[in-house]
*Asks:* 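The structure under discussion is supplied below as structure tokens; questions concerning it will follow.
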Number of protein chains: 2
Amino acid sequence: MSYTLDVAPRKVSSPDSQSTLTDALVQLSFEVQRRLANVAAEYDLSLAQLRLLGVLRDHQPGIQRLADHLGLEKSSVSGLVDRAEARGLVRRISNADDGRSVHVTLSRRGRSLAKQGEREVEEAMSDLVTHLTDADRDRLADLLTRAFSDPDRPDGLT
Amino acid sequence: MSYTLDVAPRKVSSPDSQSTLTDALVQLSFEVQRRLANVAAEYDLSLAQLRLLGVLRDHQPGIQRLADHLGLEKSSVSGLVDRAEARGLVRRISNADDGRSVHVTLSRRGRSLAKQGEREVEEAMSDLVTHLTDADRDRLADLLTRAFSDPDRPDGLT
DNA sequence: TATTGTTATACTCTATAACTATA
DNA sequence: TATAGTTATAGAGTATAACAATA
């Protein structure tokens, strides 16, 4: 396999372990994204919209803060929020402490979708590892968590 | 953490192990996709284009076959191939066995980019697991490979 | 009739650049 | 001046539907 998502074996004499891991990671990422998009589609949402709702479950950030967190430009986020607002999923609330800024918050409906979506995502991910034993799942979670323990990875909405 | 990609802890009393695994998988998928997009951007490609080149390294499929493999509509792939062709990365070759069909093939330049891209992707994935020991990396590759061993998962370009 | 591919159309997502308002 | 947000513009990616050519 390769980063191509191929299942057919590459014509290469026994791939080294790094390329095996690379293929597994890449393939996994596409499969997870595909499943996330499917969950979103069940609610007639795009993946970007579902992700937005998920972020807002625990935060009421401004546009720029949201942009930093999502790794997007603020203008992109402005549009994302526009569309979500037009669909009644989120609202812009003015920020009492800073007249330039806003708080993006979930509407009642947005919150409901976020909650249902999270459940569905959990189910979709559970299905993905259905071939693993409980112990293996814990091992996998542990390995992935540790792979992410790099303190200089940019993220966080804290 | 949640499927939101949050790093900030959710206000929940010790999440169950499924949600921990869910979060890890979702977070990983976004991070891998981010890195893939970065590699693509180094060559002024989108992730979709890089993925297309990767697939074509070992295959010369028709549009429909490509669509099945990528999980896209044939019209979407037609456009994807249009843009890649306009950039001199791929070519449509007529199929001698079926006048309706084509073979999508890499150009010399496309092949070169695909090769370089694959190297870069391997490096990017290697960086991602830099915190894991060699043994852990093998374990991770094994777990992911086994998670994917579902025979009814749709894929394959064989 | 069924399949392969293209085209027309529409929408989402994203970025860059220029702008307004506030700090 | 610097920051937060919006708007204008452009392009990629994707889907649905209708179409043409071939099987």
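By convention in this document, chain letters (A, B, ...) are assigned in the order of the sequence lines, proteins followed by strands, and residues within each chain are numbered from 1.
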*Asks:* Using atom CZ of A:Arg65 as one end and atom P of D:dA4 as the other, report the distance to the nearest whole Å.
*Replies:*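 Distance check: A:Arg65 CZ to D:dA4 P gives 10 Å.
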*Asks:* Could you walk me through whether A:Ser29 and A:Gln33 pass the side-chain hydrogen bond (donor to acceptor under 3.5 Å, both in side chains) check?
*Replies:* CA-CA 6 Å; A:Ser29 79; A:Gln33 297 271 311; over 6 Å; no
*Asks:* Got a second to check how far A:Arg35's CZ is from A:Asp127's CG, nearest 0.5 Å?
*Replies:*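 If we round to the nearest 0.5 Å, A:Arg35:CZ and A:Asp127:CG are 6.0 Å apart.
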*Asks:* Given side chains that start at C-beta, do those of B:Glu42 and B:Gln116 come closer than 4.5 Å, heavy atoms only?
*Replies:*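 Of all side-chain heavy-atom pairs linking B:Gln116 with B:Glu42, none is under 4.5 Å.
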*Asks:* Report the distance from atom CD of A:Glu85 to atom P of D:dT6, rounded to the nearest whole Å.
*Replies:*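 Checked: the CD to P distance equals 9 Å.
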*Asks:* Quickly work out the B:Asp44 CG to C:dA15 C1' distance and round it to whole Å.
*Replies:*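 Distance check: B:Asp44 CG to C:dA15 C1' gives 13 Å.
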*Asks:* For D:dG5, does either OP1 or OP2 sit under 4.0 Å from a side-chain N or O belonging to A:Ser101?
*Replies:*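 A:Ser101 to D:dG5 OP1/OP2: side-chain N or O found under 4.0 Å.
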*Asks:* D:dT6 P sits how many Å from A:Gln64 CD, rounded?
*Replies:*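 Whole-Å distance recorded here is 11 Å.
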*Asks:* Can a side chain N or O of B:Ser75 be found less than 4.0 Å away from OP1 or OP2 on C:dT6?
*Replies:*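 No, B:Ser75 has no side-chain N/O under 4.0 Å of OP1/OP2 on C:dT6.
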*Asks:* Just N and O in the side chain of A:Arg92: are any of them under 4.0 Å from OP1 or OP2 of D:dT6?
*Replies:*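 Yes, because at least one side-chain N or O of A:Arg92 sits under 4.0 Å from OP1 or OP2 of D:dT6.
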*Asks:* So which nucleotide from C:dA15, C:dT14, D:dA12 ends up closest to the side chain of A:Leu80?
*Replies:*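 It is C:dT14.
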*Asks:* Under 4.0 angstrom, heavy atoms only, what part of the nucleic acid is A:Arg87 near: base, sugar-phosphate, or nothing?
*Replies:*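 No contact at all - A:Arg87 keeps every heavy atom at 4.0 Å or more from the nucleic acid.
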*Asks:* Both A:Arg100 and A:Gln49 contact DNA chain C. Which one's nearest nucleotide lies toward the 5' end?
*Replies:*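 That would be A:Gln49.
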*Asks:* Between B:His103 (side chain) and B:Gln60 (backbone), is there a donor-acceptor pair under 3.5 Å?
*Replies:*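 Yes.
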*Asks:* Can you tell me how far C1' of C:dT3 sits from NZ of B:Lys74, to the nearest Å?
*Replies:*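 Taking atom C1' of C:dT3 as the reference, NZ of B:Lys74 is at 7 Å.
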*Asks:* So which nucleotide from D:dG5, D:dA12, D:dT7 ends up closest to the side chain of A:Ile63?
*Replies:*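 The answer is D:dG5.
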*Asks:* Ion pair present between B:Arg87 and B:Asp44, side-chain N to carboxylate O less than 4.0 angstrom?
*Replies:*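 Yes.
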*Asks:* Take atom CG of A:Asp97 and atom C1' of D:dA4, then tell me their distance rounded to the nearest Å.
*Replies:*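 These atoms are roughly 14 Å apart.
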*Asks:* With sugar-phosphate meaning primed atoms plus P, OP1 and OP2, does A:Val102 contact a base, only sugar-phosphate, or nothing at under 4.0 Å between heavy atoms?
*Replies:*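 Here A:Val102 touches the backbone only, sparing every base.
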*Asks:* If you check the B:Ser76 side chain, which of D:dT14, C:dT7, D:dT6 turns out closest?
*Replies:*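 Comparing D:dT14, C:dT7, D:dT6 against the side chain of B:Ser76, the answer is D:dT14.
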*Asks:* Roughly, in whole Å, what's the span from CG in B:Leu72 to C1' in C:dT4?
*Replies:*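 Taking atom C1' of C:dT4 as the reference, CG of B:Leu72 is at 17 Å.
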*Asks:* When you match A:Asp98 and A:Glu73 each to their closest nucleotide on DNA chain C, which lands nearer the 5' end?
*Replies:*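 Result: A:Glu73.
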*Asks:* Can you tell me the distance, in whole Å, between the CD1 atom of B:Ile93 and the C1' atom of C:dT4?
*Replies:*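 One finds 17 Å between C1' of C:dT4 and CD1 of B:Ile93, rounded.
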